[in-house]
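For this chain, numbers begin at 1 and follow the sequence in order.
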Amino acid sequence: MTQATRSRGAGTPYRRVPFPTKVTQGLAVLEQVTAGASIRQAAAATGLSPTTAWRRLWWLRDWALSDFYGCRNRTLPPQRGTAACPRGRPWIEVLDGPGGPLDRTHHH
């Protein structure tokens with residue numbers, strides 16, 4: 001079995017989800033969680049696995065974080081819980097880079 005055909009868990013391996021789908025799913029999970037649902041409950045209500053629901057929620061929150069700080073992010077953040085961002089909040093250049101509102105390289 002080659003790397004390209006080997007299964008990696010229950011999801012569809014090596015598949016990029018279209019941006020509109022990620023946003024729609026993220027908003028659906030956010031709506032459920034904001035109303036008091038757990039991630040598992042939100043996943044069941046949206047037809048996603050709990051892992052995917054958690055990832056979509058945090059991806060949406062990370063994507064919107066730049067707007068919260070009044071910055072315009074030109075790139076999409078990597079998705080948490082994946083090889084691109086295995087733990088913690090992803091580094092977002094407009095926020096964490098030099099001069100960004102969350103830049104920790106300069107001591108204020």
Mutual orientation of the aromatic rings belonging to Trp54 and Trp58 [parallel < 30°, tilted 30-60°, perpendicular > 60°]: tilted

Would the number of heavy atoms belonging to other residues, nucleotides or ligands and lying under 6.0 Å from CZ of Phe68 be above 12? no

Pairs involving residues 70-96, ordered by first then second residue, that meet salt bridge (charged side-chain N to carboxylate O under 4.0 Å, His left out) (sequence neighbours left out): Asp62-Arg80, Arg89-Asp96

Is there a side-chain contact between Thr105 and Pro98 in this structure, where contact means two heavy atoms from C-beta onward sitting under 4.5 Å apart? no

Can you tell me if Arg56 uses its side chain to pair, donor with acceptor, with the backbone of Val23 under 3.5 Å? no

Spatial distance of atom [atom1] ([X]) from atom [atom2] ([Y]) [nearest 0.5 Å]:
{"X": "Gln25", "Y": "Arg55", "atom1": "CD", "atom2": "CZ", "answer": "12.5 Å"}
{"X": "Trp59", "Y": "Thr82", "atom1": "CH2", "atom2": "OG1", "answer": "12.5 Å"}
{"X": "Ile39", "Y": "Thr51", "atom1": "CD1", "atom2": "OG1", "answer": "10.0 Å"}

Can you get from [X] to [Y] by hopping between Ile, Leu, Val, Met, Phe, Trp and Tyr side chains that sit under 4.5 Å apart?
{"X": "Leu48", "Y": "Trp63", "answer": "yes"}
{"X": "Trp91", "Y": "Leu102", "answer": "no"}
{"X": "Val17", "Y": "Leu60", "answer": "no"}
{"X": "Ile92", "Y": "Leu76", "answer": "no"}

Quick one: list whatever passes side chain to side chain contact (heavy atoms under 4.5 Å, CB included) with Ala35, sequence neighbours left out. none

Distance-only polar pair, side chains of Thr52 and Ser49, donor-acceptor under 3.5 Å: yes

Indicate the atoms forming the closest heavy-atom contact of Ala42 with Ala37, along with that distance. N-CB, 4.2 Å

Which heavy atom in Ala28 sits nearest to a heavy atom in Thr46, and how many Å separate them? CB-CG2, 3.7 Å

Please assess Tyr69 against Val94 for the test side-chain contact (heavy atoms from CB on, under 4.5 Å), listing each intermediate value before the final yes or no. CA-CA 10 Å; Tyr69 283 98; Val94 299; over 6 Å; no

Among residues two or more places apart or on two chains, list those pairs meeting side chain to side chain donor-acceptor pair (under 3.5 Å) that have a residue in residues 27-37. none

